[in-house]
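Reviewing the structure listed below.
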Amino acid sequence: FSLEKVHKAGAVFDLEKLGWFNFQWQKRVHTQKLEHIAREIDPKVDIQETDRGHATYAFTSGSGASRFEEQRAALLLEICGTHIPRDWVGKPFIGRALITVEEKILKSPAEISEQISFYVTAKKFNRDLMLSEKMKVDENVAKTALSESASLLESLDESAFNNMQKLQDELIGLAQKLGLKNGQLLWPLRVALTGEQFSPGVFEVLWVLGKEESIRRVKSLIHE
């Protein structure tokens, strides 16, 4: 630091950069808390950092994973505070919904209601969102993707909706069986489930909504 290098003109306060630094700090603190919780639940938990700075947690038992999910959701609910409608808090899926938008909560908890509202109430569907010239999803491809996805989801046990990797394996396998690219199957399915152009991924959404509600949303669109 040198006074000679200090400008006399008014300083520029970069709020965007400040927000970025704050998010990085919040993310680091949150990650440390999650690691502490995970190791308290299961000292042998395998925690791996992904290439995007996230972490995966492999517990030695299913009960450990369930307890971690509950405590992770409770931590996020605490961060959201009064920004989440009180009548949403008791809904059985709200914890998972918060986990799917974890980073968004750390960035801006005040926007949480907007981020997860589609989980609470199915949005009025805009059919144009389901079509994608870039991914070559036209009406016929979308119809095939939705009808075949609905049949697959109906064939799965309820327990499969607690396992995102299982859902991913099944849907990717279906895309290959139909001769479609992954995006041609998953894009219309995700839009059918959320009604949103941007949202968490389709496997996360299925994990939150569960079997009955997921199938109901897809079928309601097929029969429109």
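Nothing fancy with the numbering, it's 1 onward along the sequence. Fair warning: this is a prediction, and the values are worked out from it, not measured in the lab.
Within the 4.5 Å cutoff, the side chain of Leu152 has no heavy atoms near those of the Glu148 side chain. Residues Phe68 and Leu34 meet the side-chain proximity criterion, which asks for heavy atoms closer than 4.5 Å. Within the 4.5 Å cutoff, the side chain of Leu167 has heavy atoms near those of the Leu156 side chain. Looking only at side-chain heavy atoms (C-beta outward), His54 and Glu49 stay at 4.5 Å or farther from each other. A 4.5 Å side-chain heavy-atom check between Leu186 and Phe203 finds at least one atom pair inside the cut-off. Taking the side chain as every heavy atom from C-beta outward, Leu153 and Leu206 approach each other to under 4.5 Å. Between Arg39 and Ile47 the shortest side-chain heavy-atom distance falls below 4.5 Å. In this structure, Lys136 and Val141 have side chains that are not in contact, with every pair of non-hydrogen atoms separated by 4.5 Å or more.
Salt bridge annotation for Glu102-Arg72: present, with a cationic side-chain nitrogen under 4.0 angstrom from a carboxylate oxygen. Ion pairing between Lys143 and Glu139 fails under the 4.0 Å rule for side-chain N and carboxylate O. Salt bridge status for Arg96 with Glu69: present, with a side-chain N to carboxylate O gap under 4.0 Å. Between Arg216 and Glu212 there is no salt bridge, since no side-chain N of the basic residue sits under 4.0 Å from a carboxylate O of the acidic one.
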Taking distance alone, no hydrogens or angles, what donor-acceptor pairs closer than 3.5 Å link side-chain atoms of residues 75-93 to residues at least two apart or in another chain?
none

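In this structure, Gln168 CD and Asn182 CG are separated by 8.5 Å, a value rounded to the nearest 0.5 Å. Here the CD-CG distance, from Gln26 to Leu106, works out to 7.0 Å after rounding to the nearest 0.5 Å. Rounding to the nearest 0.5 Å gives a distance of 10.0 Å between CD of Glu170 and CG of Asn163. Here the straight-line distance linking atom CH2 of Trp20 with atom NZ of Lys107 works out to 11.0 Å at 0.5 Å rounding. Taking CD1 of Ile37 as the start and CD of Glu35 as the end, the distance is 11.0 Å to the nearest 0.5 Å. Remark: Met130 CE to Leu146 CG distance equals 5.5 Å, nearest 0.5 Å.
A side-chain N or O of Asp46 and one of Gln48 form a donor-acceptor pair less than 3.5 Å apart. Checked by atom type, the side-chain pair Tyr119/Thr100 shows a donor-acceptor distance below 3.5 Å.
Among residues two or more places apart in sequence or in another chain, the side chain to side chain contact (heavy atoms under 4.5 Å, CB included) test is passed with Lys181 by Gln184.
With hydrogens and angles disregarded, a donor-acceptor distance shorter than 3.5 Å links the side chain of Asp42 to the backbone of Thr60. Ser214 contributes no side-chain N or O that, together with a main-chain N or O of Lys211, makes up a donor-acceptor pair within less than 3.5 Å. Judged by distance alone, the side chain of Arg190 and the main-chain N or O of Glu196 form a donor-acceptor pair under 3.5 Å. For the pair Ser220 (side chain) and Arg217 (backbone), a donor-acceptor distance under 3.5 Å is present. Trp207 places no side-chain N or O within donor-acceptor distance of the main-chain N or O of Ala97, the cut-off being under 3.5 Å. At distances below 3.5 Å, not a single donor-acceptor pair connects side-chain atoms of Ser108 with backbone N or O atoms of Lys104. Judged purely by atom type and a 3.5 angstrom limit, Ser151 uses its side chain to pair as donor or acceptor with the backbone of Ser147. Remark: side-chain polar atoms of Asp157 are not paired, donor with acceptor, to backbone N or O of Ser159 under 3.5 angstrom.
Neither Leu131 nor Leu129 shares a network with the other; the hydrophobic side chains, linked directly or stepwise wherever heavy atoms of I, L, V, M, F, W or Y lie under 4.5 Å apart, form separate groups for each.
When every heavy atom of Leu221 is checked against every heavy atom of Ala192, the shortest pair comes out as CD2-CB, 3.5 Å. Looking at every heavy atom in both residues, Pro200 comes nearest to Val101 through CG-CG1, 3.9 Å.
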